[in-house]
Amino acid sequence: MPFQMGVPSQTDFPAKTWHRLMANAARADRSFSQVYGDPQGEQELRVQIAAHLAVSRQLRCHPDQVVVTSGYRQGLALALTALQVTGAEAWIEDPGYPLGRRAMELAGLCVVPIPVDSEGICVAEGIRKAPDAKIALVTPGQQAPLGVCLSPARRLALTDWAAGRDAWVIEDDYLSELQLDGRAAPALASGPDADRVIHIGSFSKTMSPVIGVGFVVCPPLLATRFIEVASTLSPAPSQTIQRALAEFMSGGHYLRHLRKMKALYTFQRSIAIEGLTELPATIETSGLALKIPLLDHADDKRLALRARELGIAPVPLSAWYASPSNATPGLLASITNIRADNCETACRELNELLNALLKQ
Ligand SMILES: Cc1ncc(COP(=O)(O)O)c(C=O)c1O
């Protein structure tokens, strides 16, 4: 649906190339023995991921540090199982990705919401509220959902805190280098003091969730432990898909696709901003979405439900807050499926809703 969050463009998946590479990989399966693959992930894909991260995220790692997963969420489950931190406190960003918060609770962690400002997570506030936390789950590249990049000072403060307290920082790099304004900031795990940062990536946004591939880059200290957990509990996904993806990357298709999507999403964002005219306050850009602030008394959950009935799917910003008292109402509207052929209608529907709200 137009404005739906969390999904890439439905019309620009490189289907022809992908299907050809999948067919090649499936044919090659016949000449492979029918045995289990490497639970850590196929070596050829791990090599491609490590090489890509060095260029795109300035993250230098050895392919042996890479564990292939079915996406970010499997990577998070793998990390939480390997770290054995049940019962400990965990910082989460507030606002933050609701499933990240729930994942911490399911893993038996005591969630401590930490506010986010224009520099990213407020590390000093985290230290004040829960100095002995064992985990900090963050989106340093483009904070979900506010879009801000963690400032250099906060990066340092976060990694210093983790080093001083034997804590771990989990970096959710869900958008990778898909940053629409300028060049993406280096991964947190690329820093000189990042040996306590676990970097989790995913191809769900940069390619498609249909592929179902992600990865973890584990600090060398933890690699053996992560591989043991992958081998026993959560082995890497289908070898056929991994081989097709390795070919897609080594053939330069992935880089070309990312370049194309950045240009396309930038265009789509500009036509959406132009089309949305009935705004209560200044619109903000945030990752692949627009953040539409609403007036204080507005019920953003009701507004989002009403929008669904009209065939558009922005989501309420307040739902991303763990502490309801901190929540500010707003709508998050993804631009990934706003195209020249549906922009006018989608923006008209949203304008009418916002206009009706302003008149209340
Ligand atoms: C902030 C954030 N992290 C992670 C994910 C999930 O990634 P995956 O599909 O690889 O599990 C999403 C999906 O929308 C997200 O918004």
Side-chain angles (χ1 to χ4, degrees), residues 1 3-10 13 41 45 49 53 57 66-81 90-104 106-107 111 113-114 116 120-121 135-150 169-180 184-185 187-189 198-217 234 236-238 241-242 245 254 261 265 285-291 313-317 319-322 331-337:
M1 288 169 108
F3 298 127
Q4 184 172 339
M5 294 286 287
V7 286
S9 163
Q10 302 296 292
F13 179 74
L45 180 58
I49 290 172
L53 287 173
R57 314 295 293 115
V66 177
V67 179
V68 180
T69 66
S70 65
Y72 164 77
R73 284 161 296 165
Q74 191 193 352
L76 183 59
L78 180 68
L80 294 175
T81 310
W91 299 0
I92 56 153
E93 297 169 326
D94 197 23
Y97 180 48
L99 293 189
R101 184 199 324 161
R102 187 70 190 123
M104 296 285 138
L106 289 172
V111 167
I114 309 297
V116 176
I121 189 167
I135 300 280
L137 177 63
V138 290
T139 45
Q142 299 179 75
Q143 204 273 333
L146 302 182
V148 296
C149 180
L150 192 66
V169 180
I170 300 181
E171 173 174 34
D172 172 357
D173 198 44
Y174 72 115
L175 284 181
S176 186
E177 75 257 52
L178 259 186
Q179 162 143 335
L180 304 189
L188 183 65
I198 296 153
H199 178 94
I200 309 185
S202 170
F203 291 90
S204 292
K205 312 288 180 234
T206 56
M207 284 273 286
S208 165
V210 170
I211 289 176
V213 180
F215 54 89
V216 177
V217 179
S234 61
S238 146
I241 292 178
Q242 289 188 64
L245 185 54
Y254 187 52
M261 295 317 289
Y265 287 153
T285 58
S286 166
L288 302 180
L290 298 174
K291 186 179 139 226
V315 297
L317 175 62
W320 289 59
Y321 282 84
L331 289 179
L332 294 166
S334 169
I335 52 79
T336 52
N337 285 291

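Not measured: the values here are computed from a predicted model. Values below: all heavy atoms of this structure, side chains included; hydrogens, waters and symmetry mates excluded. Remember, it's 1-based here, ligands and their atoms both numbered in the order they're listed.
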S.K.: Counting only nitrogen or oxygen atoms and a 3.5 angstrom limit, does Ser204 reach ligand 1?
M.R.: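 Min N/O separation from ligand 1 is below 3.5 Å for Ser204.
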
S.K.: Can you tell me which residue and heavy atom of the protein come closest to atom 10 (O) of ligand 1, and the distance to 0.1 Å?
M.R.: Ser202 OG, 2.6 Å

S.K.: Indicate the atoms forming the closest heavy-atom contact of Tyr174 with Lys205, along with that distance.
M.R.: O-CG, 3.5 Å

S.K.: Determine, step by step, whether Phe203 and Tyr254 satisfy the ring-ring contact (aromatic ring centres under 6.0 Å, His included) criterion, reporting the C-alpha distance in whole Å, the side-chain angles of both residues, the deciding distance to 0.1 Å, and the verdict.
M.R.: CA-CA 10 Å; Phe203 291 90; Tyr254 187 52; 5.3 Å; yes

S.K.: Would you check whether Trp320 has a nitrogen or oxygen atom less than 3.5 angstrom from a nitrogen or oxygen atom of ligand 1?
M.R.: no

S.K.: Quick check: closest heavy atoms across Ala185 and Cys149, and the distance to 0.1 Å?
M.R.: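 Minimum heavy-atom contact is CB-SG, 3.5 Å.
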
S.K.: Mind checking side-chain hydrogen bond (donor to acceptor under 3.5 Å, both in side chains) for Ser9 and listing every partner two or more places apart, or none if nothing turns up?
M.R.: Thr11, Asp12

S.K.: Please name the pair of heavy atoms, one in Met104 and one in Ala90, separated by the smallest distance, quoted to 0.1 Å.
M.R.: SD-CB, 3.9 Å

S.K.: Any atoms of ligand 1 less than 4.0 Å from a non-hydrogen atom of Gly71? List them with their elements.
M.R.: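 Within the 4.0 Å cut-off of Gly71, ligand 1 contributes 10 (O).
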
S.K.: Heavy-atom distances under 4.0 Å decide this one: backbone, side chain, both or neither, for Tyr97 against ligand 1?
M.R.: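 Within the 4.0 Å criterion, Tyr97 contacts ligand 1 through side-chain atoms alone.
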
S.K.: Take the angle between the ring planes of Phe215 and His199 and call it parallel below 30°, perpendicular above 60°, tilted in between.
M.R.: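 The rings of Phe215 and His199 lie parallel, inter-plane angle below 30°.
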
S.K.: Closest approach of Leu188 and Glu171, non-hydrogen atoms and distance?
M.R.: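 Taking Leu188 first and Glu171 second, the nearest heavy atoms are N-OE2, 2.6 Å.
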
S.K.: Tell me which protein heavy atom sits closest to atom 4 (C) of ligand 1, plus the residue, atom name and distance to 0.1 Å.
M.R.: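 Protein heavy atom at minimum distance: Tyr72 CD2, 3.2 Å.
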
S.K.: Looking only at protein heavy atoms, which one is nearest to atom 14 (O) of ligand 1, and what is the separation?
M.R.: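 That would be Lys205 NZ, 2.7 Å.
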
S.K.: Considering both backbone and side-chain atoms of Thr139, is one of its nitrogen or oxygen atoms within less than 3.5 Å of a nitrogen or oxygen in ligand 1?
M.R.: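 No, since none of the N or O atoms of Thr139 sits under 3.5 Å from an N or O of ligand 1.
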
S.K.: Which atoms from ligand 1 have a heavy atom of Ala144 less than 4.0 Å away?
M.R.: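 Answer for ligand 1: 1 (C).
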
S.K.: Which protein non-hydrogen atom lies closest to atom 3 (N) of ligand 1, naming both residue and atom, and how far is it?
M.R.: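 Sorting protein heavy atoms by distance from atom 3 (N) of ligand 1 puts Asp172 OD2, 2.7 Å first.
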
S.K.: So which protein heavy atom does atom 11 (O) of ligand 1 come closest to, and at what separation?
M.R.: Arg73 NE, 2.7 Å

S.K.: Looking at Gly141 and Gln179, what are the two nearest heavy atoms and their distance?
M.R.: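 Looking at all heavy atoms of both residues, the closest pair is O-OE1, 4.3 Å.
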
